[in-house]
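Below: the structure, in structure tokens.
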Amino acid sequence: MVGGVLEPQASQSREATSTSIYRANTNLSLVPPPCEVRDTSPTFHSYLTLHCGGRGRRRATPVWTLFSFNHRRSVFCPVGAMPNIVLFSGSSHHDLSQKVADRLGLELGKVITKKFSNQETCVEIGESVRGEDVYIIQSGCGEINDNLMELLIMINACKIASSSRVTAVIPCFPYARQDKKDKSRAPISAKLVANMLSVAGADHIITMDLHASQIQGFFDIAVDNLYAEPAVLQWIRENIPEWKNCIIVSPDAGGAKRVTSIADRLNVEFALIHKERKKANEVDRMVLVGDVKDRVAILVDDMADTCGTICHAADKLIDAGATKVYAILTHGIFSGPAISRINNAPFEAVVVTNTIPQEEKMKSCEKIQVIDISMILAEAIRRTHNGESVSYLFSHVPL
């Protein structure tokens with residue numbers, strides 16, 4: 001014992017390791033080699049090292065810190081630096097994946113995706129994932145079928161490479177609108193996608209604002225359905241000066257629960273619009289239920305595809321006396337004539353999250369604004385990896 005702390009054991013082989021550790025930290029001087037091994041788990045070893053505040057060990061108060069050895073990267077890192085985790089990005093939304101990785105202080109894992117001449121997808125995982133906690137970020141956007149197949153192949157490749165757990169992070173869940181048999185011989189494609197993810201080897205799903213919450217019941221594995229609502233509330237308070245005189249509007253009856261939750265949190269009223277469709281992506285008639293006269297109307301929905309619904313709803317709200325109209329959507333798909341419709345509609349702004357890439361669409365439409373939700377996904381990954389509850393994220397935006 002020295003000064004009430006353990007005397008480090010002399011070890012020539014560990015001395016070089018200790019030196020390399022402390023050279024990486026300019027706030028610490030070189031110190032004696034580390035002490036005894038405290039953890040002999042198969043994935044990493046932990047040990048204590050002595051930090052000294054000054055040049056001489058005897059002139060500073062010694063503090064013991066736990067380090068762990070990550071065999072996959074062959075480096076020592078302080079405990080709390082999330083060892084034994086690998087983050088991969090699919091090709092659908094690399095920018096979001098990079099933001100999540102930066103938030104977690106990780107590097108994206110090496111993966112090579114290519115197609116054969118017959119358009120078959122080929123995925124090569126470029127590093128070991130044995131015993132690792134693997135997270136694969138792939139959103140249901142762009143070339144949806146190709147990206148879904150790529151995700152399934154990546155999950156299976158990691159699973160058969162002996163990873164300890166594979167979590168699919170799917171910010172925008174594909175085929176979520178096909179969640180029920182609403183007419184004869186209609187497929188329930190969302191259930192099929194759930195089955196494919198499970199069979200591929202996924203142990204856990206993290207997604208955001210499912211079109212219908214009951215899609216979680218299609219899975220026999222754990223599903224965390226995160227909400228953009230906390231980030232939406234923050235955006236409203238910071239960017240709409242008249243938010244205390246606003247009214248939250250649902251463009252259809254199915255979103256009533258979503259808008260009532262936001263209205264309650266803001267302590268404002270809500271309204272809804274009943275719509276009837278002739279066929280998919282085509283609205284026949286809309287009826288407004290609620291009073292929007294002389295108020296700022298905020299349309300809230302989980303997704304917008306061709307934007308026919310929200311643009312008709314905006315016209316209906318202006319005709320009913322609304323002073324301004326905003327649209328806030330979790331998933332901005334914006335296919336077909338969506339951009340031209342938004343440009344011609346009386347919106348002050350159309351706000352979407354970055355579950356889907358929006359850079360190109362923002363160049364064509366100045367009304368589109370983006371809320372970054374990478375911190376929510378990153379915190380969900382961190383909490384899942386550390387075995388913590390994610391329910392905090394249902395009502396708070398991580399700092």
Side-chain angles (χ1 to χ4, degrees), residues 41-44 70-74 82-94 96-97 100-101 104 106-116 119-141 143-176 189-208 210 215-226 377-378 380-388 390:
S41 64
T43 52
F44 67 91
N70 188 318
H71 286 282
R72 184 177 68 85
R73 299 192 184 277
S74 300
M82 297 184 70
N84 307 98
I85 181 173
V86 188
L87 192 65
F88 289 114
S89 173
S91 57
S92 66
H93 199 344
H94 187 81
L96 177 62
S97 302
V100 172
L104 293 171
L106 301 173
E107 293 183 3
L108 289 173
K110 299 175 183 177
V111 59
I112 300 173
T113 304
K114 57 187 177 182
K115 284 191 176 183
F116 295 122
Q119 299 304 303
E120 284 185 2
T121 299
C122 176
V123 177
E124 297 177 7
I125 305 298
E127 55 188 86
S128 173
V129 295
R130 183 176 296 274
E132 303 287 348
D133 190 10
V134 176
Y135 294 82
I136 303 172
I137 302 176
Q138 180 82 307
S139 195
C141 57
E143 299 291 337
I144 293 179
N145 294 330
D146 287 345
N147 291 336
L148 176 58
M149 195 65 202
E150 179 184 297
L151 174 61
L152 296 172
I153 294 172
M154 291 178 72
I155 292 171
N156 189 252
C158 292
K159 197 65 179 179
I160 63 177
S162 301
S163 60
S164 64
R165 179 175 62 178
V166 180
T167 300
V169 182
I170 312 173
C172 181
F173 193 85
Y175 292 91
S189 304
K191 169 64 174 173
L192 176 61
V193 172
N195 289 342
M196 290 193 295
L197 289 167
S198 299
V199 171
D203 300 297
H204 184 205
I205 304 293
I206 296 175
T207 186
M208 177 167 281
L210 286 170
I215 291 177
Q216 297 172 81
F218 293 166
F219 290 88
D220 294 323
I221 57 177
V223 178
D224 284 320
N225 181 30
L226 305 175
L377 295 176
I381 291 173
R382 188 195 68 78
R383 287 171 176 261
T384 301
H385 176 68
N386 293 333
E388 302 173 20
V390 299

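- A distance-only check finds a donor-acceptor pair linking the side chain of N156 to the backbone of A200 [under 3.5 Å].
- There is no side-chain donor-acceptor pair under 3.5 Å between E132 and S164.
- Under the 3.5 Å distance criterion, with hydrogens and angles disregarded, no donor-acceptor pair is assigned to the side chains of N147 and H93.
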Audit row: L87, E107, side-chain contact (heavy atoms from CB on, under 4.5 Å) steps and yes/no: CA-CA 7 Å; L87 192 65; E107 293 183 3; over 6 Å; no
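- Distance alone, capped at 3.5 Å, places no donor-acceptor pair between the Q216 side chain and the D224 backbone.
- The side-chain hydrogen bond (donor to acceptor under 3.5 Å, both in side chains) test applied to T113 returns no partner, not counting sequence neighbours.
- Annotation: side chain of L96 is in contact with side chain of P171 (closest heavy-atom distance under 4.5 Å).
- Judged by distance alone, with hydrogens and angles left aside, the side-chain atoms of H385 form no donor-acceptor pair with the main-chain N or O of V134 at under 3.5 Å.
- Panel note: side chain T207, backbone I170; a donor-acceptor pair is recorded below 3.5 Å.
- K115 is linked by a side-chain hydrogen bond (donor to acceptor under 3.5 Å, both in side chains) to D146, counting only residues two or more places apart in sequence or in another chain.
- N145 pairs by the side-chain hydrogen bond (donor to acceptor under 3.5 Å, both in side chains) definition with Y175, not counting sequence neighbours.
- The shortest side-chain heavy-atom distance between V123 and E150 falls under the 4.5 Å cut-off.
- When the salt bridge (Lys or Arg N to Asp or Glu O under 4.0 Å) test is applied to R383, the partners found at least two apart in sequence or on another chain are E379.
- Remark: side-chain polar atoms of E127 are paired, donor with acceptor, to backbone N or O of K110 under 3.5 angstrom.
- Within the structure, salt bridge (Lys or Arg N to Asp or Glu O under 4.0 Å) contacts touching residues 191-202 (residues at least two apart or in different chains) do not occur.
- The salt bridge (Lys or Arg N to Asp or Glu O under 4.0 Å) check on K159 picks up D203, with sequence neighbours excluded.
- In summary, of the residues considered (I205, N225, L210), a side-chain contact (heavy atoms from CB on, under 4.5 Å) with I215 occurs for L210 alone.
- Looking only at side-chain heavy atoms (C-beta outward), F88 and V129 come within less than 4.5 Å of each other.
- The two residues I144 and P174 come nearest to each other via the heavy atoms CG2-CB, 3.8 Å.
- Side-chain contact annotation: Q138 with S92, donor-acceptor N/O pair under 3.5 Å present.
- Proximity of I136 to I155: side-chain heavy atoms (C-beta onward) are separated by under 4.5 Å at one or more points.
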